[in-house]
Amino acid sequence: MNNPILEKKLLIDGKQIDASSGKVRQLMNPANGNLLAEVAEAGVEDMNLAVEVAHRAFYEGPWRQMNSRERTSILLKISQLIRENADELARLESNNVGKPIRESEDEVQLAANCFEYYAGVINKIGGQTIPVAAQGVSMTFREPIGVCGLIVPWNFPIAITSWKISPALAMANTIIVKPASQTPLTALRIGEIALEAGLPEGVLNIVPGPGSAAGEALVKHPKVRKISFTGSTEIGTQVMKLAADDIKRVTLELGGKSANIVFADADRENALSGAVWSVLGNAGQDCCARSRLLIEASIYDEFLSELSSLFKAVKLGDPLSTETEMGPLVTAEHRKLVYGYVETGIKEGAEIIAGGQIPDDDKFSAGNFLQPTLFSQVNNNMIIAQEEIFGPVLCAIPFKDEEEAVSIANRSNYGLSGSVWTKDLQRALRVVKAVETGVISVNTGHSVHMEAPFGGVKQSGVGRELGLAALDHYSDLKSVFFSLPDI
Ligand code: NAP
């Protein structure tokens, strides 16, 4: 029997409301094509209402006036309620995005951890006193910015929503979240949970709607002081231009084409596993995906032969099964786009040594599945090596020495993530310093830790999220000088 269809509304001023146009968007389960939910679709009018509500909540509501212990306890309660509802949230995310349930479970825990972490900073991070060259006292106050517009993509909805909301709340701002149109379900639940935890009405508004209407209205609204955008470099560029009109603060977390650099001395088993899961996690729909695999020439053939066996062994299937290692892509349109890159790679002369097909097994026919795909004979100038594919496709490129590895890694418009695999830690340190990227890891494919800053360089973005660094992007420093002749 099919699950009942969810019906969700906009969450504005603590109330669930229909879109003023009455429009709803139907969401399909990416694994089987079944109708999953009908969600109210906000337009410009609804977004303008949400901004007015958040503006009033900032200037007239109790949130900013609460003392640090009161605000801390609300964030801790949100964290606790996320943990209590973890199973429901993880299933919702897997049904909506198509990601394997174990990945969703991890992301729900990350969400809870974020609220807990930023709850802990509220009574610890403040201003400073500064020894200026004058008689008196110079000090800074860390102040909230005001209304923050948080725009979220579809690939890690609950994780990215939470890592934007929690520091913004910790700094006492008020918020509008614009989730991706395909994946608003867990963000809407987080909004409900926050109300249950005692967050005053109007402080956190969740407003799904098309980016071109609701998203743009949020970015353009003069009462919004800050935009934190995660998404494609193409839309990020537009957001930055629009935000410039009234000098909004902007954080952009954008695309990537990260390099995974494997030296001949690397621990082979770990490097192979890292090469698989740093591109096939979330079916490759990951801004941090290490989608360019740079392998030292002396081990290139051997490494790829072992890697292609591992790619072929990855278990595709129902996202809700704990056996499943890789789920479908998020929508049929997105799979078409990714498959287009597979065709481009073939035309460019790269050779497929694993996958490359839409699986023909009946059990996959209604979902948006694509086989994990491994290309050899890739040249870094090819389109498949330069553009973000955002799917389960890996491009393998040989290098002859350290200098060439760094040069290939840096020949990209992006600079988000990356990994280096070697037992020589001096070389690892030289390489991590030389690669132009915001985040990089040594001997692991994981580099996102919520306590550490995260973000990109070059066209991968501006600003940092996570860690204490995020607080600088959700607060302003007011500099105050008391002229005191005797001091
Ligand atoms: P996207 O198309 O750029 O959309 C991202 C968000 O922006 C969605 O909520 C979208 O709404 C909204 N949007 C679209 N047009 C807009 C406009 N004109 N004004 C304001 N908002 C607008 O990206 P995506 O396809 O959802 O996500 C994939 C991309 O995100 C990839 O490039 C990936 O690398 C990047 N990403 C980066 C990070 C990072 O931390 N660096 C993390 C995750 C993903 P609709 O859904 O209605 O279009």
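What you see below is based on every heavy atom in this structure, not just the backbone, and it leaves out hydrogens, waters and symmetry mates. Count residues from 1 along the sequence.
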Considering residues at least two apart in sequence or located in another chain, which fulfil the ring pair (Phe, Tyr, Trp, His ring centres under 6.0 Å) criterion with [X]?
{"X": "Tyr474", "answer": "none"}
{"X": "Trp154", "answer": "His334, Phe390"}
{"X": "Phe156", "answer": "none"}
{"X": "Phe364", "answer": "Phe369"}

Among residues at least two apart in sequence or on other chains, which ones pass side-chain contact (heavy atoms from CB on, under 4.5 Å) with [X]?
{"X": "Val442", "answer": "Leu425, Ala428, Val432"}
{"X": "Ala172", "answer": "Trp63, Arg64, Arg71, Pro144"}
{"X": "Ser273", "answer": "Trp277"}

What I want to find out is whether [X] reaches [Y] closely enough, with some N-O distance under 4.0 Å, to be called a salt bridge.
{"X": "Glu465", "Y": "Lys164", "value": "yes"}
{"X": "Glu306", "Y": "Arg268", "value": "yes"}
{"X": "Arg189", "Y": "Glu192", "value": "yes"}
{"X": "Arg83", "Y": "Glu116", "value": "yes"}
{"X": "Lys423", "Y": "Asp265", "value": "no"}
{"X": "Arg464", "Y": "Glu253", "value": "no"}

[Y] versus [X], side-chain donor and acceptor atoms under 3.5 Å:
{"X": "Arg91", "Y": "Ser104", "answer": "no"}
{"X": "Gln459", "Y": "Thr233", "answer": "no"}
{"X": "Ser419", "Y": "Arg290", "answer": "yes"}

Side-chain donor-acceptor pairs of residues 199-214 under 3.5 Å, sequence neighbours excluded:
{"from": "Asn205", "atom 1": "OD1", "to": "Asp13", "atom 2": "N", "distance (Å)": "2.8"}
{"from": "Asn205", "atom 1": "ND2", "to": "Ile175", "atom 2": "O", "distance (Å)": "3.1"}
{"from": "Asn205", "atom 1": "ND2", "to": "Gly202", "atom 2": "O", "distance (Å)": "2.9"}

Tell me the salt bridge (Lys or Arg N to Asp or Glu O under 4.0 Å) pairs involving residues 314-328, sequence neighbours left out?
none
Residue pairs meeting salt bridge (Lys or Arg N to Asp or Glu O under 4.0 Å), one or both in residues 441-463, sequence neighbours left out, come to Glu436-Lys458
Could you go through the side-chain hydrogen bond (donor to acceptor under 3.5 Å, both in side chains) check for Ser321 and Arg102 one step at a time?
CA-CA 9 Å; Ser321 160; Arg102 283 182 302 185; over 6 Å; no
Euclidean distance, Thr230 OG1 relative to Ile235 CD1, rounded to 0.5 Å
13.5 Å
When rounded to the nearest 0.5 angstrom, what is the spacing between CG in Leu294 and CD1 in Ile397?
5.0 Å
Does anything in residues 158-211 form a ring pair (Phe, Tyr, Trp, His ring centres under 6.0 Å)? List the pairs, not counting sequence neighbours.
Trp163-Phe454
Any ring pair (Phe, Tyr, Trp, His ring centres under 6.0 Å) pairs touching residues 81-120, not counting sequence neighbours?
none
Atom CE of Met66: over 12 foreign heavy atoms under 6.0 Å
yes
If you apply the rule side chain to side chain contact (heavy atoms under 4.5 Å, CB included), what do you find for Tyr414 with Thr437, and how did you get there?
CA-CA 8 Å; Tyr414 294 112; Thr437 184; over 6 Å; no
CA sep, side-chain torsions, deciding dist, call: Lys226, Thr251, side-chain hydrogen bond (donor to acceptor under 3.5 Å, both in side chains)
CA-CA 8 Å; Lys226 152 92 190 183; Thr251 305; 2.4 Å; yes
Quick one: closest heavy-atom pair of Arg292 and Ala409, and the distance?
NH2-O, 2.8 Å
For Gln26 and Glu38, run side-chain hydrogen bond (donor to acceptor under 3.5 Å, both in side chains): C-alpha distance rounded to whole Å, both residues' side-chain angles, the deciding distance at 0.1 Å, then the answer.
CA-CA 5 Å; Gln26 294 195 322; Glu38 291 187 332; 2.8 Å; yes
